[in-house]
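Here is the structure we will look at, set down as structure tokens.
Note on naming: letters A, B, ... go to the chains in the order of the sequence lines (proteins, then strands), and numbering restarts at 1 for each one.
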Amino acid sequence: MSDQTPYNPAEIEPKWQARWEADGLYHSDIDRSKTKYYALTMLPYPSGEMHIGHWYAMTPSDARARFLRMRGFNVMFPMGFDAFGLPAENAAINRNIHPKEWTYANIRRMRQQLRSMGAMFDWRREAVSSDPEYYHWSQWFFAQLFKNDLAYRKMSPVDWCPHDNTTLAREQVWGEDRHCERCGTPVIKKDLEQWFFRTTSYADELLDFSHLDWPERVELLQTNWIHRSEGAEVHFIVDAEGLSADEARLTVFTTRPDTLWGATFMVLAPEHPLVAKITTDEQRELVEEYVQQALRQSDIQRESAEKEKTGVFTGCYATNPVNGESIPIWIADYVLMTYGTGAIMAVPAHDERDFEFALKFGLPILPVIDRPDGLTKSFVPIGTMDAGFEEALSELSIPFVKTEKGLNVTLPVDKVEQYVNLAQKHQLADVWTEVVGTGWIFIFNDEVLKWESQESEVRILELCKDLEPNVRHNRTLMEMLWECEFYRDALYHHEYGTMINSGEFSRTPGETAVQDVNEWLEGREIGKAAINYRLRDWLISRQRYWGAPIPIVYCPQHGAQLVPDEQLPVLLPDDVEWLPTGESPLKLHPTWKQATCPVCGEAAERETDTMDTFMCSSWYHLRYLSPDYDQGPFDPEEYDYWMPVDTYTGGIEHATMHLIYTRFFHKAGRDMGITQGPEPMIQLRNQGIILGEDSEKMSKSRGNVIAPDELVDRYGADTVRAYLMFFARWDLGGPWNSSGIEGSVRWIRRIWTLFTDTISPGNPTPETLQVLRRKVHQTLRQVTHDFETFEFNTIISALMELLNEMYKAREQGAVGAPEWDEAQDIYLRMLAPVAPHVAEELWGILGKPYSVHTQDWPDVDEAAAAEQQITLVVQVNGKVRDRITVPADISEEKAKELALSSDAVGKYLEGKPPRKVILVPGKLVNIVV
RNA sequence: GGGGAAGUGCUGGAAUUGGCAGACAGGCGUGACUUAGGAUCACGUGCCGCAAGGCGUGAGGGUUCGACUCCCUCCUUCCCCACCA
């Protein structure tokens with residue numbers, strides 16, 4: 001070995017970065033002779049520091065983009081900044097820096113950091129969402145949505161963060177305690193006039209993932225988030241004076257129209273507009289108090305599932321349209337104004353929440369669905385039956401289980417008749433009343449009721465009525481009822497079953513019940529099949545300064561008017577002040593609000609809310625197409641060539657926010673003639689999260705943050721890139737390990753050594769060269785495959801293996817042979833996407849023409865990659881007993897023969913003939929004895 | 001409460017998708033070269049056992065000639081949603 005230049009990343013990395021930049025090596029322009037590939041990775045927020053997590057997301061994305069480029073695609077890999085948002089304003093408040101100054105200083109710093117990783121970003125395509133040239137078009141998009149009735153303004157109870165002083169989209173409220181995504185403060189509800197985008201119009205289409213190659217997990221998260229429920233809308237008639245016909249028609253949504261006959265009361269959300277109108281004078285005080293209390297409560301208290309049910313009777317009744325029953329209307333905060341119609345029919349027998357409520361307030365419980373297995377359960381308490389009862393049950397082959405409290409009887413449908421007779425014979429009918437009186441319960445069944453006559457049903461219902469509104473001592477009865485596990489089972493722990501107690505619908509089988517009832521409802525115009533979504537319209541108003549102003553003015557005459565296109569962008573004023581009022585500086589600005597109405601030209605007032613930053617990031621992939629274009633949001637010619645995004649990489653945390661919004665944007669854009677095709681991003685892949693060395697989330701307060709800059713200074717970007725690709729499965733992530741990076745350090749250094757040592761040609765055997773060449777092409781095959789499937793860790797390990805093999809070959813004198821030169825050539829091409837600087841440097845040292853990054857990806861020579869000799873595993877009864885080396889093209893007979901004649905096998909056969917010999921060609925022989 | 005994902009050496013992780021479990025690394029151990037080493041190189045490293053051998057992919061069962069991989073039951077951890085009618 002001779003002297004060699006030491007590997008010095010600090011020298012070669014900036015050198016090549018400058019050269020590539022100067023040469024425009026990574027510029028991507030329309031080239032119709034090549035297949036385009038739009039590789040996109042989520043843009044960062046300019047917080048001021050690149051986090052190792054950014055690198056973890058971007059490095060493999062960059063490597064893959066480079067790989068695809070070498071494979072002949074015209075690859076675009078752009079970068080930009082999602083630059084509006086709260087942290088800039090908080091910096092302004094806390095440190096007295098203007099958000100603009102803070103943001104752009106951070107962007108400058110992060111650009112430098114991004115460059116240091118040696119990514120192939122085309123910086124000419126950079127887009128910054130806080131540039132007026134950018135938000136001009138965010139505002140333009142708002143205008144388009146407004147014109148197409150996809151943006152609207154409404155007064156609504158919204159989630160409000162008292163710390164950040166702004167409203168939040170539903171997606172930005174997190175966790176059990178319903179806290180603000182940004183600052184962690186629990187949110188409160190506020191009634192405000194706010195702007196919304198009609199995302200719900202696209203709910204069904206957003207559930208269709210058939211055009212997408214997205215992780216199942218993301219599809220599932222979105223599906224659950226949108227949460228489509230099929231059911232029916234049913235109109236109940238409110239029995240109160242002074243209501244218009246419209247008002248008296250109280251519509252509820254239910255997923256179980258087959259349980260309509262079991263509706264024993266109704267519940268309105270406290271905010272429901274009807275509440276004030278229907279409350280009777282006697283109940284008014286209670287109701288008003290309850291409503292006030294519900295409004296005051298934060299969501300934490302209100303939406304806790306653990307919480308005991310609360311509610312108040314309005315004094316008003318409604319008529320159930322299916323059976324004419326008059327049922328009481330209550331209000332309770334477990335009914336949400338924001339879902340469905342804000343009113344429910346309560347079926348305590350088949351809904352756990354309604355059941356709890358009925359229990360607490362002594363409301364009637366009427367089962368209307370039989371058990372799905374067709375079995376009815378009965379309970380006979382000890383002390384109510386005579387001695388012969390058990391025997392009689394046995395004789396009839398009616399199964400039962402003895403418990404401490406009595407008999408759990410499982411009653412097959414065909415035995416009901418006999419059971420009824422038996423019960424009568426044993427005078428259980430008398431017991432019945434006893435049962436109710438002592439707090440025990442019977443099973444409700446169509447047949448049994450007939451037998452017991454209507455009387456017992458009436459008795460039960462009446463008894464329950466006695467409990468109204470809130471007679472505590474009788475709770476015992478309901479609690480004991482609750483204790484009967486079988487009863488709970490029979491109530492709501494089952495799905496569809498035969499309808500009972502439902503008038504003409506009794507005995508309707510569960511399979512058709514919902515549809516039958518829906519049709520019937522529709523025929524009688526008392527309801528219809530309906531679909532509901534949990535997805536809400538997207539609330540985009542933010543009472544903040546650092547965002548794109550909503551391009552609306554309010555005219556006293558003409559109401560909300562769009563700012564005309566030619567007046568866009570509505571610029572954010574720079575001369576603003578932050579006062580500790582919690583109000584947006586835009587509201588406090590002396591003149592900014594003053595505008596004129598585009599209709600009449602009279603004085604009008606500007607909207608002072610700005611748009612949610614997710615609005616800006618919903619279309620940034622379009623701004624990259626032509627960041628300087630000023631005739632529209634993007635140049636249609638560029639759109640035509642580059643869109644849609646072929647591969648999108650980023651964190652899964654955006655599954656129910658950005659990734660829903662951007663799909664909505666694209667689909668709305670398509671319907672408005674702006675975008676084309678069903679989806680904006682075809683393939684999506686998520687990386688995992690890097691944790692600190694302590695396996696905790698990285699945070700400054702924990703002091704476990706890994707700073708990428710320090711790593712680059714210490715090891716060089718190539719090594720950091722390699723380690724990020726190697727250390728974990730990309731989609732899983734995991735804790736950082738600072739000693740683990742030594743492996744990548746050594747690997748790069750060993751590459752350097754191997755390629756820079758000057759060694760005189762040796763005298764290798766043909767076998768050495770063949771083994772080398774085989775390994776080269778096998779590695780190439782694997783690396784190619786793994787790039788395509790995002791298995792970055794095995795790319796590195798394959799390259800490590802090949803390097804070890806090359807060291808071996810060098811030892812055996814391979815240097816100087818054409819196979820050696822080919823190995824070096826292919827190695828550097830495969831290395832180029834992973835470690836672009838060192839690959840470029842070594843490529844130059846070998847005297848190859850600049851640049852390694854513009855080279856073609858080599859083709860696998862399958863003949864060279866094929867094994868000539870294989871190791872045939874010989875198993876006896878599935879256990880490995882021997883390994884024999886045979887030619888790869890060995891015949892079946894020969895392989896079996898060789899396996900059987902192996903010494904090791906002979907030992908296990910003990911002279912017995914094999915029962916069966918299984919051959920897996922090229923793999924193994926299994927001998928069964 | 002509902003939905004989902006994952007359990008492989010001391011650690012990160014491989015295993016061509018039903019065919020040699022533990023590739024490639026980290027760590028650790030032994031040695032070499034060194035005045036020195038956070039450098040480099042060689043060898044070793046799943047568990048039990050002196051060995052022959054046996055046992056091993058969260059636990060138990062099943063299918064199969066053969067199971068980390070498929071099926072059933074259970075356990076553990078993590079994530080998401082959560083009074084959504």
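Near RNA chain B, meaning a heavy atom under 4.0 Å from it, residues 782-800 of chain A has A/N793, A/T794, A/S797, A/M800 in order of number.
A/L924 comes within contact range of at least one nucleobase, with a heavy-atom separation under 4.0 Å. Contact annotation for A/G740: backbone-only contact, meaning every heavy-atom pair under 4.0 Å involves sugar-phosphate atoms and none involves a base. Using a 4.0 Å heavy-atom criterion, one finds that A/D354 contacts no nucleic acid atom at all. Backbone-only engagement by A/R881 is indicated by non-hydrogen atom pairs under 4.0 Å involving sugar-phosphate atoms exclusively. A/F726 comes within 4.0 angstrom of a nucleotide base, judged by non-hydrogen atoms across all strands. Looking at heavy-atom distances under 4.0 Å, A/S229 makes contact with sugar-phosphate atoms alone, never a base. Within the 4.0 angstrom heavy-atom criterion, base atoms lie near A/Q875. Residue A/I918 is in base contact, counting any heavy-atom pair closer than 4.0 Å across all strands shown. At a threshold of 4.0 angstrom between heavy atoms, the contacts of A/G311 with the nucleic acid are absent. Heavy atoms of A/R749 sit under 4.0 angstrom from primed sugar atoms or phosphate atoms, though from no base atom.
OP1 or OP2 of B/rC41 has not a single side-chain nitrogen or oxygen of A/R746 nearer than 4.0 Å. Considering only side-chain N and O atoms, A/R729 lies nowhere under 4.0 angstrom from the phosphate OP1 or OP2 of B/rG12. Residue A/H227 places none of its side-chain N or O atoms closer than 4.0 Å to OP1 or OP2 of B/rC80. Phosphate contact (OP1/OP2 of B/rA25, side-chain N/O of A/N804, threshold under 4.0 Å): present.
Side-chain proximity of A/E742 to the nucleotides B/rG19, B/rG27, B/rG4 is greatest for B/rG27. When each of B/rG3, B/rG38, B/rG13 is scored by its nearest atom to the side-chain atoms of A/A728, the top-ranked nucleotide is B/rG13. Of the candidate nucleotides B/rC20, B/rG27, B/rG19, B/rG19 has the atom nearest to the side chain of A/V920. For A/K309, whose side chain is taken as the heavy atoms from C-beta onward, the closest listed nucleotide among B/rC41, B/rC83, B/rA85 is B/rC83. Listed candidates were B/rG38, B/rC84, B/rC65. Nearest to the side chain of A/N926 is B/rC65. Comparing atom distances between the A/R536 side chain and each of B/rA85, B/rC41, B/rC84 picks out B/rC84 as nearest.
Following rounding to the nearest Å, A/L535 (CG) and B/rA82 (P) show an atom-to-atom distance of 12 Å. Summarising the geometry, the separation between CG on A/L221 and P on B/rC78 is reported as 18 Å, rounded to the nearest angstrom. Between the P atom of B/rA5 and the CD atom of A/E653 lies a distance of 20 Å, rounded to the nearest Å. Here B/rA85 presents its P atom at 15 Å from CG of A/L260, a figure rounded to the nearest Å. A straight line from CG of A/L919 to P of B/rC20 spans 14 Å, rounded to a whole angstrom. Spacing between atom CD of A/E801 and atom P of B/rU16 amounts to 14 Å, rounded to whole angstrom units. As rounded to whole Å, 16 Å separates atom P of B/rU40 from atom CH2 of A/W747. Following rounding to the nearest Å, A/K808 (NZ) and B/rA42 (C1') show an atom-to-atom distance of 13 Å.
With hydrogens and angles ignored, no donor-acceptor pair closer than 3.5 Å exists between the side chain of A/R353 and the base of B/rC84.
The two residues A/M345 and A/R256 have their closest heavy-atom pair at CE-O, 3.8 Å. When all heavy atoms of A/M800 and A/G743 are compared, the pair lying nearest together is CE-O, 4.2 Å. Of all heavy-atom pairs spanning A/R774 and A/A866, the tightest one is NE-O, 3.5 Å.
Side-chain atoms of A/R750 and A/N804 form a donor-acceptor pair, as typed in the model, at a separation below 3.5 Å. Checked by atom type, the side-chain pair A/E801/A/T779 shows no donor-acceptor distance below 3.5 Å. Between A/S229 and A/N532, the side chains place no donor N or O within less than 3.5 Å of an acceptor N or O (distance only, hydrogens not considered).
Annotation: B/rA5 and B/rU73 have their P atoms spaced 15 Å apart (nearest Å). For B/rC75 and B/rG49, the P atoms lie 34 Å apart once the distance is rounded to whole Å. A gap of 37 Å separates the P atoms of B/rC28 and B/rU17, to the nearest Å. When the C1' atom is used for both B/rA21 and B/rU69, the distance is 11 Å, rounded to whole Å. Separating the C1' atom of B/rU76 from that of B/rA59 is a span of 10 Å, rounded to the nearest Å. Across the C1' atoms, B/rU16 and B/rC10 are found 29 Å apart, a figure rounded to whole Å. Between B/rG58 and B/rG7, the distance separating the two P atoms is 8 Å to the nearest Å. Straight-line distance between the C1' atoms of B/rG62 and B/rG18: roughly 16 Å, to the nearest whole Å.
Residue-to-nucleotide proximity on RNA chain B shows that, of A/E216 and A/Y715, the 5′-proximal contact is made by A/E216. In terms of position along RNA chain B, the nucleotide closest to A/Y807 lies nearer the 5' end than the nucleotide closest to the other residue of the pair A/I344 and A/Y807.
Within 6.0 Å of atom NZ in A/K528, 12 or fewer heavy atoms from other residues, nucleotides or ligands are found, so the atom counts as exposed in its surroundings. Residue A/E653 places its CD atom among more than 12 non-hydrogen atoms of other residues, nucleotides or ligands, all under 6.0 Å distant.
If you look at A/F357 and A/F265, their ring centroids are closer than 6.0 Å.
For A/E788, the side-chain hydrogen bond (donor to acceptor under 3.5 Å, both in side chains) partners at least two apart in sequence or on another chain are A/R71.
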Which string of ( ) [ ] | and . matches RNA chain B, if you list each base 5' to 3' and count Watson-Crick or G-U pairs only when both distances are under 3.5 Å? (((((((..(((......[....)))((((((.......))))))(((....)))..(((((..]....))))))))))))....
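With a glycosidic angle further than 90° from 0, B/rG27 counts as anti. B/rU76: glycosidic angle beyond 90° from 0, hence anti.
Side-chain atoms of A/T264 and A/D354, non-hydrogen and from C-beta on, never get closer than 4.5 Å to each other. A/V517 places a side-chain heavy atom less than 4.5 Å from the side chain of A/M499.
Between A/D757 and A/R810 there is a salt bridge, since a side-chain N of the basic residue sits under 4.0 Å from a carboxylate O of the acidic one. Under the 4.0 Å criterion applied to side-chain N and carboxylate O atoms, A/R685 and A/D731 are not assigned as salt-bridge partners.
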